[in-house]
J.: 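Here it is, the structure in full.
Both ligands and their constituent atoms are indexed starting at 1 by order of listing.
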Amino acid sequence: MTVNRRDSSTVKAGDGTVTVSGWVQDIRNLGGISFVILRDRFGTLQITLPKKKVDPELFATLTTLPRESVVSVTGEVKESNQTELGVEIIPSSFVLESEAGTPLPLGVVDKVNAEMDTRLNHRFMDLRKPEVRAVFELKSLMMRLITEAMEEKGFVQVCTPKIGASGAEGGATLFKVDYFGKPAYLAQSPQLYKQMLMSTGLDRVFEMAPAFRAENSNTNRHVTEFISFDGEMSWIGSMADVMSMMEEIMDHVIRGLKEKGAHWLSVMGKEISVPVRPYPVLTYSECLAMVNGAGLPLKDGDDLGTEGEKIVGDIMSQKGYDMYFIAEYPSEAKPFYIMEKDGTEYCMSFDLDYKGQEISSGGQREHRYDRLVERMEKLGLDPEDFGFYLDAFRYGMPPHGGWGIGIERVLVKMLDLPNVREAILFPRDPSRLSP
Ligand code: ATP
């Protein structure tokens, strides 16, 4: 006897008697015969109940269960040309593991799409929909592929603190918490720590962890908690070394998702294309010219913004490029830790954009203590506030650079999702702290 409790897709003719478990997705009663559609993580399976052939009590209870109840059904596997799997199960017994209440807060097989708020309010139910859940199978695969690529490149996985006394990206977007009577902040990024690690000899590090941003903006690409995939590497000659490392990693990840994620992509009815390499490198000034050419009156120094990024994305897409770097932003627009380009108003920073949206920021860092302090002062920061960070630069720091990628933003662009919240199990935004 084969016992298979959790993967309906592996049940095949010739298995004999099996036990399958899952949620009762649907029940169809056609008089002399009834069908129960059982759903698990991997698909659905048909339980067929010919009234004359199954025990009357079993028939009566199994075919009247509330939808979404959880059952384990034992029965004989029979070939069937009426079902997708080519098999059906004729039940001989079943266990009701948990009966579902009625009415359901949200339909699982409803054709009509519920509002996003309603879906997020009942996220556990929303996630029962295979196409909604598939995003998280792909997200998990993505994180595995990232780890694989980073280990192959000799990066050490690290965990930096998520509560600290200061932030790296500016005070306005810090979440303040009460730390035993003292003010503390949730980490906006692991920036300061991953750079400090460069002074230790751990010369390539990466982290995938939550980053918190107190951004009171209700857009489809901002949330207050996201997963940041950060990398930092020493001994670079220029920021081009960081960009080519990112390109290799992104290529490995997207190819891997296309190949190993094929099943979940088909559940979502999606296909992904692998961005053409080498990823073009545009300068900020070139992008500004493109944006101005399209009629958006931005000046040198302005943020390209959502609209500007989109214009550049459209132009690049016409040229066949989904992924490209935008490099050498104005120094004033970028954080203190970015190295300036000597003799210019620009700096060694870059963004990686995917289909007209920023998915990552990176750059070469200023590793020279005096220049770093100078840059902080120029940007109106007090070096004393960064004492613990600056110490790591005073006693020998290699040249280094790195990046931070919002992994949900990558998923959104890759899967063409309408909102970053679709790629987060329980999203946090200014108006959502629960569930
Ligand atoms: P944006 O200008 O789009 O708000 P940012 O310049 O604040 O982004 P960085 O601080 O450079 O972003 O963060 C690096 C990456 O982290 C971004 O490219 C993005 O992928 C991700 N990210 C940043 N803020 C958010 C957010 N609020 N929600 C989701 N992802 C984010």
J.: Which ligand 1 atoms, with their elements, are less than 4.0 angstrom from a heavy-atom of Ser360?
T.: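 Taking each heavy atom of Ser360 in turn, ligand 1 has 18 (O) under 4.0 Å.
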J.: For Glu358, counting its heavy atoms only, list the atoms of ligand 1 lying under 4.0 Å from any of them.
T.: 2 (O), 5 (P), 6 (O), 8 (O), 11 (O), 12 (O), 17 (C), 18 (O)
J.: How about Phe325 and Phe350: are their ring centroids closer than 6.0 Å?
T.: yes
J.: Polar-atom distance check: Val420 versus ligand 1, any N or O pair below 3.5 Å?
T.: no
J.: Just checking, Arg394 and Tyr369: is the charged tip under 6.0 Å from the six-membered ring centre and within 45° of the axis?
T.: yes
J.: Give a yes/no verdict on whether any heavy atom in Ser228 is under 4.0 Å from an atom of ligand 1.
T.: no
J.: Would you name the heavy atoms of Leu141 and Lys260 that are closest together and state the gap between them?
T.: CD2-C, 3.7 Å
J.: Taking the six-membered ring for Trp and the full ring for Phe, Tyr or His, determine whether the centres of Phe393 and Phe386 are under 6.0 Å apart.
T.: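 Here the rings of Phe386 and Phe393 have centres that are no less than 6.0 Å from each other.
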J.: I want to know if ligand 1 touches Gly406 in the polar sense, i.e. an N/O pair below 3.5 angstrom.
T.: yes
J.: Hey, looking at atom 28 (N) of ligand 1, which of Leu352, Ile359, Ile407, Val223 has the closest heavy atom?
T.: Val223
J.: Please tabulate, for the side chains in residues 278-301, all donor-acceptor contacts under 3.5 angstrom to protein atoms that are two or more places apart in sequence or on a different chain.
T.:
residue, atom, partner, partner atom, Å
Thr283, OG1, Glu286, N, 3.1
Tyr284, OH, Gly301, N, 2.9
Tyr284, OH, Asp302, N, 3.2
Tyr284, OH, Asp302, O, 2.7
Glu286, OE1, Thr283, N, 2.9
Asn292, ND2, Leu296, O, 2.9
Asn292, ND2, Leu298, O, 3.0
Asp300, OD1, Tyr346, OH, 3.2
Asp300, OD2, Tyr346, OH, 2.7

J.: Would you check the N or O atoms of Ile405, main chain and side chain alike, for any that come under 3.5 Å of an N or O of ligand 1?
T.: no
J.: With the threshold set at under 4.0 angstrom, would you say Glu408 reaches ligand 1 through any of its heavy atoms?
T.: no
J.: For Gly404, take its heavy atoms, then give the atoms of ligand 1 lying under 4.0 Å from any of them.
T.: 14 (C), 15 (C)
J.: Among Gly305, Ser361, Pro427, whose heavy atom sits nearest atom 11 (O) of ligand 1?
T.: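 The residue whose heavy atom sits nearest atom 11 (O) of ligand 1 is Ser361.
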J.: Pick one of side chain, backbone, both or neither for how His222 approaches ligand 1, counting any non-hydrogen atom pair under 4.0 Å.
T.: both
J.: Keeping the roles fixed (side chain from Asp40, backbone from Gly43), state whether a donor-acceptor pair exists under 3.5 Å.
T.: yes
J.: Run the contact test for Arg221 against ligand 1 with a 4.0 Å cut-off on heavy atoms, strictly below, and give the result.
T.: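 Yes.
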J.: Can you give each donor-acceptor pair under 3.5 Å made by side-chain atoms of residues 145-152, sequence neighbours left out, with the distance rounded to 0.1 Å?
T.:
residue, atom, partner, partner atom, Å
Thr147, OG1, Met143, O, 2.8
Glu148, OE2, His252, NE2, 2.8

J.: Check for me whether Lys334 meets the cation-pi criterion with Tyr329, that is, NZ or CZ under 6.0 Å from the six-membered ring centre and within 45 degrees of the ring axis.
T.: yes
